[in-house]
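In listed order, ligands and their atoms are each counted from 1. Counting from 1, the numbers follow the sequence of the chain as shown. Small disclaimer: the values here were computed from a predicted structure and weren't measured.
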Amino acid sequence: MSIAVAIDGPVGAGKSSIAKECAKRLGFIYVDTGAMYRCIGLFCDRNGVDMDDPVRVSAALSHISLDVKIKDGTQHIYLNGYDVSDEIRLPEISMAASKVSAIPAVRAFLLQLQRDMAESRDVIMDGRDIGTVVLPNATVKIYLTADAEVRAKRRYDELIAKGTAVSYESVLMDLKQRDHNDMTREIAPLKQADDAVLADTTELDFEGSCDLLVRIIKEKA
Ligand code: C5P
């Protein structure tokens, strides 16, 4: 039987970097579901699809094909044949992803793809609804969080290191807005699954956070 680890949590809790490192240590495949929502946001943004109009966004889905490939242990995501793994990280695409993710047709479009990726192999999958909706029978569920200010500072440092011009205040505001959107939407809102282990990394550095998660996974799997 394959092992599925579901990691959910708010923006900037370090889900992707920590999950990726844990997957490497454990020899699992890492699947970043946020990247899939970002691709849909990117497509709508670049093609002038009104993201406040669920009918238009739903219609756009028939023009979208997504492909996920693992290269040197890193996930690359292809939107209609193009590798958009870097482009989807732009701050405006974060907000676009947040908007489209509240549309039921978008979530339905991605659900099967996500489930297929966890089929018959050991995975760590991160997102907002993995333990609650996508993989309700996951072997291990973790709700990863940290104080909002700490998360914003980490996200800010990451963007600055990549050369993106942003202010700390705008990162904090954007983070709180996206968390609010994710936690209050009607479909698949972000919440801790009843059977998830809470991991708070406010006081931990990257290494400490990875050690904590690997320990939780080994204990439960
Ligand atoms: O995780 P990341 O910040 O890359 O996700 C981008 C956006 O996609 C989130 O703000 C959230 O609105 C949405 N998302 C989601 N469900 C997931 C993963 C991401 O709604 N499983």
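Residue Ile130 comes nearest to Ile7 through the heavy atom pair CG1-O, 4.3 Å, listed as atom of the first residue, atom of the second, then distance. Between Val57 and Met51, the closest heavy-atom pair is CG2-CA, 3.8 Å.
Judged by distance alone, with hydrogens and angles left aside, the side-chain atoms of Asp129 form no donor-acceptor pair with the main-chain N or O of Thr132 at under 3.5 Å. Listed for the Asn80 side chain is a donor-acceptor partner under 3.5 Å among the backbone atoms of Ser65.
Protein residues lining ligand 1, listed by chain and number: Thr33, Gly34, Tyr37, Arg38, Arg89, Ala97, Ser98, Ser101, Arg107, Gly127, Arg128, Asp129, Ile130, Arg178, Asp182, Arg185 [non-hydrogen atoms, distance under 4.0 Å].
Remark: Asp182 pairs with Arg128, Arg185 by the salt bridge (Lys or Arg N to Asp or Glu O under 4.0 Å) rule, at least two apart or across chains.
The residue from Asp45, Asp52, Asp50 that alone fulfils the salt bridge (Lys or Arg N to Asp or Glu O under 4.0 Å) condition with Lys99 is Asp52.
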